[in-house]
Amino acid sequence: MKNKLLIKSFTILSLLLTSCFVQAQNPKGKLFIIGGGDRSDDLMKQVLDAAELGKKDYIVVLPMSSEEPDSSFIFFKTQMVKLTSNPIVMLNFNKETAQNKTLTDSVQKAKLIFISGGDQTRFMKVVHNTPIKTAILKAYENGSTISGTSAGAAVMSEKMITGNQKLQKEYTGTFSVIKYDNLETDEGLGLLKTVVIDQHFLKRNRYNRLLSALIEFPDLTGIGIDEATAIIVRNNKVEVAGESEVIVFKNPKGIVKAKKDNLISIEKLEMSIYTAGQKFNIK
């Protein structure tokens, strides 16, 4: 009898733990990730629709990626005040204010958080291992929408493309070749664990760069988002919005690393192209 009770108790405990794990893995919020470039009013209306703002909700803009954060905020606010009456505030954190609980609580309570374009590494230097990052993750878990454009798109994934090449000192907008151990990555926000994001994708011809990411991390899905285009992520469901296309690479097979010049070959690779309204799943 005791053994049966013990087994029953263990089963119930296992189910509770599984339920907690599933909840932890399934945030209530959404991601609205824009590939950079122009942001039409229609696209930004979709951001607001995704966020489902109530009358008392507010929007927080994090402009730390930008060299000119005030300008980034003004540009965003000028467009958005035409589309919503909800308050829009800028929180331009630095290493000192990153520890300010009042400010980070304001991030966590925002229903929509928008991360500007610029330099993703600049953003993560301010945010990494701080209460800001924790606040963004908790906001997402609790139902907020996290949006970003360009650099603000790159920071969404755990493995973040910095844009730099290890084998070439000078920065270039694209990679001229596909080589092993050439892509520089850093730690992003980790809102997406199984995906690596690239932006301005078709406009700047970044196929080689994203393929380089899949060589380094073959278990990840590579998503290239073009300008004026976005993906809306709800857990593992993704929908495309905007004017151009989204390219998806996954499941590279038969990767061979050449001994000379770090060149590689891939025997097989899945590639898909999606346009506005189309949907796909991620791991």
Side-chain angles (χ1 to χ4, degrees), residues 27 29-40 43-44 46-48 50-51 59-80 88-94 98 107-108 110-128 130 132-137 139-140 144-164 173 185-192 195-201 203-204 206 209-210 213 223-233 238 240-242 244 246:
K30 306 179 190 78
L31 304 177
F32 201 106
I33 308 172
I34 305 168
D38 293 334
R39 304 191 297 267
S40 69
L43 188 64
M44 299 314 289
Q46 288 183 265
V47 175
L48 293 170
I59 302 166
V60 162
V61 179
L62 301 178
M64 291 89 78
S65 300
S66 177
E67 284 185 328
E68 300 179 348
D70 290 338
S71 297
S72 291
F73 173 68
I74 291 168
F75 183 81
F76 178 85
K77 186 173 182 180
T78 300
Q79 181 180 29
M80 297 303 282
I88 305 169
V89 297
M90 175 176 73
L91 292 177
N92 183 24
F93 287 96
N94 56 36
V107 174
Q108 186 174 327
K111 197 67 189 295
L112 173 59
I113 299 169
F114 184 83
I115 303 169
S116 71
D119 183 339
Q120 53 265 40
T121 302
R122 183 186 294 120
F123 181 88
M124 288 309 303
K125 280 181 179 177
V126 176
V127 170
H128 182 61
T130 72
I132 308 167
K133 181 178 178 180
T134 303
I136 295 169
L137 294 174
Y140 179 46
S144 298
T145 294
I146 316 299
S147 183
T149 186
S150 190
V155 300
M156 297 285 182
S157 50
E158 188 168 55
K159 296 293 184 184
M160 180 185 77
I161 294 175
T162 67
N164 297 323
T185 59
D186 210 335
E187 184 179 333
L189 290 173
L191 294 161
L192 290 168
V195 166
V196 58
I197 297 287
D198 208 344
Q199 70 278 8
H200 301 279
F201 195 72
K203 186 75 173 179
R204 300 187 185 177
R206 285 179 167 166
R209 193 163 87 169
L210 190 56
I223 301 181
I225 309 170
D226 199 23
E227 295 186 359
T229 308
I231 58 170
I232 309 164
V233 183
V238 181
V240 176
S244 187
V246 169

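Just so it is clear, the values below take in all heavy atoms, side chains as well, and ignore hydrogens, waters and symmetry mates.
Annotation: side chain of Ile34 is in contact with side chain of Arg39 (closest heavy-atom distance under 4.5 Å). With contacts defined as side-chain heavy-atom distances shorter than 4.5 Å, the pair Val195/Met156 does not qualify. Contact annotation: the side chain of Thr121 approaches that of Met160 to within less than 4.5 Å [non-hydrogen atoms, C-beta and beyond]. Looking at Ile161 and Gln199, their side chains never come closer than 4.5 Å, going by heavy atoms from C-beta outward. Between Val107 and Phe93, some side-chain heavy-atom pair lies under the 4.5 Å cut-off. Between Asp198 and Arg209, the closest side-chain pair of non-hydrogen atoms falls below 4.5 Å. Looking at heavy atoms from C-beta onward, Met90 lies out of side-chain contact with Lys77 at the 4.5 angstrom threshold. You'll find the side chain of Leu189 reaches within 4.5 Å of the side chain of Ile115, heavy atoms only.
To the nearest 0.5 angstrom, Ile231 atom CD1 is 4.0 Å from Ile33 atom CD1. Going from atom CD1 of Ile146 over to atom CG of Leu62 covers 8.5 Å, rounded to the nearest 0.5 Å. In this structure, CD1 in Ile197 is found 13.0 Å from CD in Glu158, a value given to the nearest 0.5 Å. In this structure, NE2 in His128 is found 7.5 Å from CG in Asp186, a value given to the nearest 0.5 Å. Here the OG1 atom belonging to Thr162 is positioned 13.0 Å from the CZ atom belonging to Arg122, to the nearest 0.5 angstrom. Gln120 CD to Ser157 OG: the interatomic distance, rounded to the nearest 0.5 Å, is 9.5 Å.
In this structure, Glu68 places its CD atom where only 12 or fewer heavy-atom neighbours from other residues, nucleotides or ligands lie under 6.0 Å away.
Among residues two or more places apart in sequence or in another chain, the salt bridge (Lys or Arg N to Asp or Glu O under 4.0 Å) test is passed with Lys133 by Glu187. Residues that satisfy the ring pair (Phe, Tyr, Trp, His ring centres under 6.0 Å) test with Phe201, not counting sequence neighbours, are Tyr207. Taking the side chain to side chain contact (heavy atoms under 4.5 Å, CB included) definition, one finds that Glu227 meets it with His200, Lys203, Arg204, sequence neighbours left out. Phe114 meets the ring pair (Phe, Tyr, Trp, His ring centres under 6.0 Å) test with Phe76; sequence neighbours excluded. With sequence neighbours left out, Asn94 forms a side chain to side chain contact (heavy atoms under 4.5 Å, CB included) with Glu96, Thr97. Checked against side chain to side chain contact (heavy atoms under 4.5 Å, CB included), Thr229 has the following partners two or more places apart in sequence or in another chain: Ile225, Asp226, Val240, Ser244, Val246.
Between Ile74 and Thr78, the closest heavy-atom pair is O-OG1, 2.7 Å. Here the shortest heavy-atom pairing between Leu43 and Phe32 reads O-CZ, 3.8 Å. When all heavy atoms are compared, the tightest approach of Thr145 to Ala50 is OG1-O, 3.4 Å. Nearest approach of Val126 to Ala98, heavy atoms of both residues: O-CB, 4.2 Å. In this structure, Ser144 and Ala110 approach most closely via the heavy-atom pair OG-O, 2.7 Å. Between Lys159 and Val196 the shortest heavy-atom distance is O-CG2, 3.4 Å.
The side chain to side chain contact (heavy atoms under 4.5 Å, CB included) test with Ser116 singles out one residue from Pro69, Ser71, Ser72, and that residue is Ser72.
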